[in-house]
Chemist: 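The structure under discussion is supplied below as structure tokens; questions concerning it will follow.
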Amino acid sequence: MADIYTLHTTTAFNAATEALKGAAIPTLNAGAMLIWFTPASSYDGTANFEVSPDNGTTWFAIEMQSAAASATKASTLASPGATVMYIVNTPSDVLFRVRISGGTQGTLTVKAKRSNAVLGR
């Protein structure tokens with residue numbers, strides 16, 4: 001079974017800038033990343049989906065889609081909740097992260113898993 005990664009562990013909305021960036025993981029040869037959220041309290045900030053082709057020096061927005069509504073794509077998600085899984089089709093051999101920003105309250109845990117479950121390219 002593939003590893004599950006924690007990109008954020010209950011990072012508060014007012015955390016330091018470095019903490020808001022979250023952990024970055026290599027995509028390796030997976031075609032997608034599966035992402036889900038566990039809000040510990042009502043987090044009202046934004047999750048930003050990003051990839052880096054140069055080992056974290058430069059970051060670019062990348063579109064995600066809900067596994068339940070794959071026709072809708074976006075590179076940001078306001079007030080992420082715990083009831084939806086998201087799929088991010090990713091290039092091979094880049095770094096992937098979910099940077100969180102903004103908000104006035106709450107905390108959020110972000111989990112990720114490499115997958116070959118590519119949707120609607």
Side-chain angles (χ1 to χ4, degrees):
M1 175 163 269
D3 293 328
I4 295 174
Y5 298 90
T6 301
L7 304 182
H8 287 279
T9 304
T10 59
T11 303
F13 70 93
N14 61 352
T17 300
E18 282 302 309
L20 293 174
K21 291 178 183 176
I25 59 172
T27 60
L28 303 177
N29 61 353
M33 299 296 293
L34 303 178
I35 308 298
W36 62 99
F37 302 95
T38 306
S41 59
S42 298
Y43 178 68
D44 64 354
T46 301
N48 304 275
F49 299 81
E50 300 175 336
V51 292
S52 173
D54 57 6
N55 205 31
T57 301
T58 310
W59 290 92
F60 299 96
I62 189 166
E63 289 186 330
M64 61 79 186
Q65 53 201 340
S66 163
S70 62
T72 303
K73 297 180 182 181
S75 61
T76 63
L77 178 65
S79 301
T83 60
V84 180
M85 177 176 289
Y86 297 91
I87 299 174
V88 181
N89 293 333
T90 55
S92 296
D93 301 317
V94 298
L95 290 178
F96 173 81
R97 74 177 181 190
V98 177
R99 179 178 50 83
I100 59 177
S101 61
T104 60
Q105 66 180 8
T107 58
L108 186 69
T109 297
V110 181
K111 300 279 188 170
K113 180 178 179 178
R114 291 183 194 99
S115 175
N116 291 319
V118 176
L119 285 180
R121 281 196 187 219

Chemist: Could you walk me through whether W36 and V84 pass the side-chain contact (heavy atoms from CB on, under 4.5 Å) test, one step at a time?
Modeler: CA-CA 7 Å; W36 62 99; V84 180; over 6 Å; no
Chemist: Rounded to the nearest 0.5 Å, what's the gap from CD on E50 to CD1 on I62? Could you check?
Modeler: 10.5 Å
Chemist: Does anything in residues 75-84 pair up under salt bridge (Lys or Arg N to Asp or Glu O under 4.0 Å), and if so which pairs, sequence neighbours excluded?
Modeler: none
Chemist: Please examine the side chains of T38 and L108, heavy atoms only from C-beta on, and report whether any two atoms are closer than 4.5 Å.
Modeler: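 No, side chains not in contact.
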Chemist: Please confirm whether the backbone N or O of T58 pairs with a side-chain atom of S52, one donor and one acceptor, at under 3.5 Å?
Modeler: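 Flag set: sc S52 to bb T58 pair under 3.5 Å.
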Chemist: Partners of E63 by side-chain contact (heavy atoms from CB on, under 4.5 Å), sequence neighbours excluded?
Modeler: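 K73.
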Chemist: What distance separates I25 CD1 from R97 CZ, expressed to the nearest 0.5 Å?
Modeler: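 The CZ atom of R97 is 13.0 Å from CD1 of I25, to the nearest 0.5 Å.
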Chemist: With a 4.5 Å limit on heavy-atom distance, are the side chains of V110 and T6 in contact?
Modeler: no
Chemist: Are any side-chain N or O atoms of H8 and backbone N or O atoms of V98, one a donor and one an acceptor, separated by less than 3.5 Å?
Modeler: yes
Chemist: Who are the side chain to side chain donor-acceptor pair (under 3.5 Å) partners of T76, not counting sequence neighbours?
Modeler: none
Chemist: Within the structure provided, determine whether I87 and M64 are in side-chain contact (heavy-atom separation under 4.5 Å).
Modeler: no
Chemist: Taking side chain to side chain donor-acceptor pair (under 3.5 Å) as the test, write out the residues that go with S75, two or more places apart.
Modeler: none
Chemist: Is L34 reachable from I4 through a run of hydrophobic residues whose side-chain heavy atoms are each under 4.5 Å from the next?
Modeler: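 The answer is yes; both residues are in one hydrophobic cluster.
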Chemist: With T83, which residues qualify under side-chain contact (heavy atoms from CB on, under 4.5 Å), at least two apart?
Modeler: none
Chemist: Taking side-chain contact (heavy atoms from CB on, under 4.5 Å) as the test, write out the residues that go with S101, two or more places apart.
Modeler: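 S101 satisfies side-chain contact (heavy atoms from CB on, under 4.5 Å) with T46, N48, R99 only.
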Chemist: Tell me the side-chain hydrogen bond (donor to acceptor under 3.5 Å, both in side chains) pairs involving residues 17-34, sequence neighbours left out?
Modeler: E18-K21
Chemist: Is it true that atom CG of N55 has more than 12 heavy atoms of other residues, nucleotides or ligands lying nearer than 6.0 Å?
Modeler: no
Chemist: Tell me the closest heavy-atom pair linking V94 and P53, and the distance in Å.
Modeler: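 In this case the closest contact between V94 and P53 is CG1-CA, 4.0 Å.
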Chemist: Can you list everything that forms a side-chain contact (heavy atoms from CB on, under 4.5 Å) with A19? Sequence neighbours excluded, please.
Modeler: T11, A15
Chemist: Mind checking who shares a hydrophobic cluster with L95, ILVMFWY linked at side-chain heavy-atom distances under 4.5 Å?
Modeler: W59
Chemist: Tell me the salt bridge (Lys or Arg N to Asp or Glu O under 4.0 Å) pairs involving residues 26-48, sequence neighbours left out?
Modeler: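 Passing the test, one end in residues 26-48: no pairs.
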Chemist: Can you measure from OG (S66) to CD1 (I35) and round to the nearest 0.5 angstrom?
Modeler: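 Those atoms lie 13.0 Å apart.
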Chemist: Looking at NZ of K111 and CE of M33, how far apart are the two atoms once the value is rounded to the nearest 0.5 Å?
Modeler: 13.0 Å
Chemist: I want to check something: taking the side chain as every heavy atom from C-beta on, are Y43 and P80 in contact at a cut-off of under 4.5 Å?
Modeler: yes
Chemist: Of all residues at least two apart in sequence or in a different chain, which pass the ring-ring contact (aromatic ring centres under 6.0 Å, His included) check with Y86?
Modeler: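 Listed in chain order: F37.
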